[in-house]
Amino acid sequence: MKFTEIGKTDGKTLLLLPGTGCTWQTNFHNVVNELSEMYHLICVNYDGFEGDREKPFTDMITVTKKIEKYITECHGGKVDGAYGSSLGGSFVGLLIQRRNIYINHGFIGSSDLDQGNKVIAKIATLIIGRSIANAAKNPKKKEILKTKLQQGFGMEMNKETSDFMDMFTEGLLSLHPKTVTNEFYSDYITPLQNNIHADGTKVHIIYALKMGEKYEKRYLQHFQNPDIHRFDMQHEAWLFEEKWKMPVLKTIYECMER
């Protein structure tokens, strides 16, 4: 794993946790400049990514423990905020649930928080693994993978979405072949408790309405009295569509100032 700290040296700390198959550079590339002007950013690349591509991502709990260790040793066990994009939101939930570090504001960014049994997870990861492997060998199959990912995330086709997905799929193809499947599998089978609460911690949900109503039900299931912010956008669109960037940045800022 690699932790990179940038931004204001005297600002509030904001931990950035990317989504499946992403480095923080890919995930937050369109907003990191604005965030670094406001906060001291602690940017995370999980096992199997930057500087560690020879080894795959292991599992959610192992990575969570490494995040806890770093924050404990380098930041006294406390951060002002943690933004988890998609898969990263599962890490935010686990960090709050485990209570080994203190997070004042936890942000769940369009996370699906989907969970199930190992049999279903193995079948799904096998399909995903084959799709990525085939895409690495054939440009046409890369386009098929890109289309499937857009459909899976409920993304609408436009130039900004297409440009992001091009960058995202190129990143997938450069990783250890087991990294993304291990991320997906471990996230799916790692339990996230219901009614998670930690004294002094407020959970904020960046809820993309176009993902569907079932996701709001999951947020209410897993977190005690979450602060839900509804945006009529697709999955994490604020990270690659300009029209959503400033409204979500404003929301993050207002939450962090409470």
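Scope of the values below: all heavy atoms of this structure, side chains included, with no hydrogens, waters or symmetry mates.
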State, yes or no, whether a side-chain contact exists between Trp24 and Lys2 at a heavy-atom distance under 4.5 Å. no
How far apart are the C-alpha atoms of Arg218 and Asp114, what are their side-chain angles, what is the distance that settles it, and do they pass the salt bridge (Lys or Arg N to Asp or Glu O under 4.0 Å) test? CA-CA 8 Å; Arg218 290 180 189 169; Asp114 198 11; 3.5 Å; yes
Please report the closest heavy-atom contact between Asn33 and Ser36, naming both atoms and the distance. O-OG, 2.9 Å
Working to the nearest 0.5 Å, report the span between CE of Met38 and CG of Leu249. 5.0 Å
Ile196 with Ile101, same ILVMFWY side-chain cluster at under 4.5 Å: yes
Just how far is it from atom OG of Ser110 to atom CE of Met211, taken to the nearest 0.5 Å? 5.5 Å
To the nearest 0.5 Å, tell me how far His105 NE2 sits from Cys255 SG. 7.5 Å
Does the side chain of Val248 come within less than 4.5 Å of Val31's, by heavy atoms? no
Considering only heavy atoms from C-beta outward, does the side chain of Glu5 approach that of His75 to under 4.5 Å? yes
Once you round to the nearest 0.5 Å, how far does CG of Leu15 lie from OH of Tyr70? 10.0 Å
Could you go through the side-chain contact (heavy atoms from CB on, under 4.5 Å) check for Lys65 and Arg98 one step at a time? CA-CA 10 Å; Lys65 288 179 179 179; Arg98 288 162 56 86; 3.3 Å; yes
Qualifying residue, where the test is ring pair (Phe, Tyr, Trp, His ring centres under 6.0 Å) with Tyr207 and the options are Phe223, Phe231, Tyr219, Tyr215: Tyr219
Same cluster for Tyr185 and Val63 if Ile/Leu/Val/Met/Phe/Trp/Tyr side chains link at under 4.5 Å? no
Do Asn27 and Glu236 have side-chain N/O donor and acceptor atoms under 3.5 Å apart? no
With a 3.5 Å distance limit and no angle check, can you tell me whether Asp80 reaches the backbone of Thr13 through a side-chain donor-acceptor pair? yes
For Lys66 and Met1, indicate whether the former's side chain and the latter's backbone hold a donor-acceptor pair under 3.5 Å. no
Within-4.5 Å side-chain heavy-atom neighbours: Asn45 and Gln25: yes
Mind checking whether Pro18 and Tyr46 have side chains closer than 4.5 Å, heavy atoms only? yes
Using the side-chain contact (heavy atoms from CB on, under 4.5 Å) rule, take Tyr253 and Tyr39 through it: C-alpha gap first, then chi angles, then the decisive distance, then the call. CA-CA 10 Å; Tyr253 175 79; Tyr39 307 112; 3.7 Å; yes
Can you confirm whether Ile228 sits close enough to Leu220 that some side-chain heavy atom of one is under 4.5 Å from a side-chain heavy atom of the other? yes
Donor on one side chain, acceptor on other, Asn30 and Glu241, under 3.5 Å: no
For side-chain contact (heavy atoms from CB on, under 4.5 Å), just list the numbers for Ser86 and Asp112, CA-CA rounded to whole Å, side-chain angles, deciding distance to a tenth of an Å, and then say yes or no. CA-CA 7 Å; Ser86 195; Asp112 61 33; 5.7 Å; no
Is it the case that the side chain of Gln115 and the backbone of Thr190 share a donor-acceptor pair, with hydrogens and angles ignored and the cut-off at 3.5 Å? yes
Leu94 with Tyr188, same ILVMFWY side-chain cluster at under 4.5 Å: no
Do you reckon Phe107 sits in the same ILVMFWY cluster as Val32, going by side-chain contacts under 4.5 Å, direct or chained? yes
Should we count NZ of Lys202 as having more than 12 external heavy atoms under 6.0 Å? yes
Check whether any side-chain heavy atom of Asp187 sits under 4.5 Å from a side-chain heavy atom of Thr20, and report yes or no. no
Could you state the interatomic distance from CG (Asn194) to CD (Gln221), rounded to the nearest 0.5 Å? 4.0 Å
Test: Lys245 and Glu242 ion pair at under 4.0 Å: yes
Scanning both residues in full, the closest heavy-atom pair of Ser111 with Gly89 reads OG-CA, 3.2 Å
Is there side-chain contact between Met60 and Leu87, with heavy atoms separated by less than 4.5 Å? yes
Expected output: side-chain Thr201 to main-chain His197 donor-acceptor under 3.5 Å: no
So does Asn182 get a backbone contact from the side chain of Ser186, meaning a donor-acceptor N/O pair under 3.5 Å? no
Please determine whether residues Ile120 and Leu192 belong to a single hydrophobic cluster, defined as Ile, Leu, Val, Met, Phe, Trp and Tyr linked transitively by side-chain heavy-atom distances below 4.5 Å. no
Side chains of Glu254 and His229: do they bring a donor and an acceptor to under 3.5 Å? no
When rounded to the nearest 0.5 angstrom, what is the spacing between CD in Gln193 and NE2 in His222? 10.5 Å
Taking the six-membered ring for Trp and the full ring for Phe, Tyr or His, determine whether the centres of Tyr83 and Trp238 are under 6.0 Å apart. yes
Whether over 12 other heavy atoms sit under 6.0 Å from Glu213 CD: no
Measure from the side-chain N and O atoms of Thr23 to the backbone N and O of Thr26, and report whether any donor-acceptor pair falls under 3.5 Å. yes
Take Ile71 and Leu95 through the test side-chain contact (heavy atoms from CB on, under 4.5 Å) and record every step on the way to the result. CA-CA 11 Å; Ile71 297 302; Leu95 289 167; over 6 Å; no
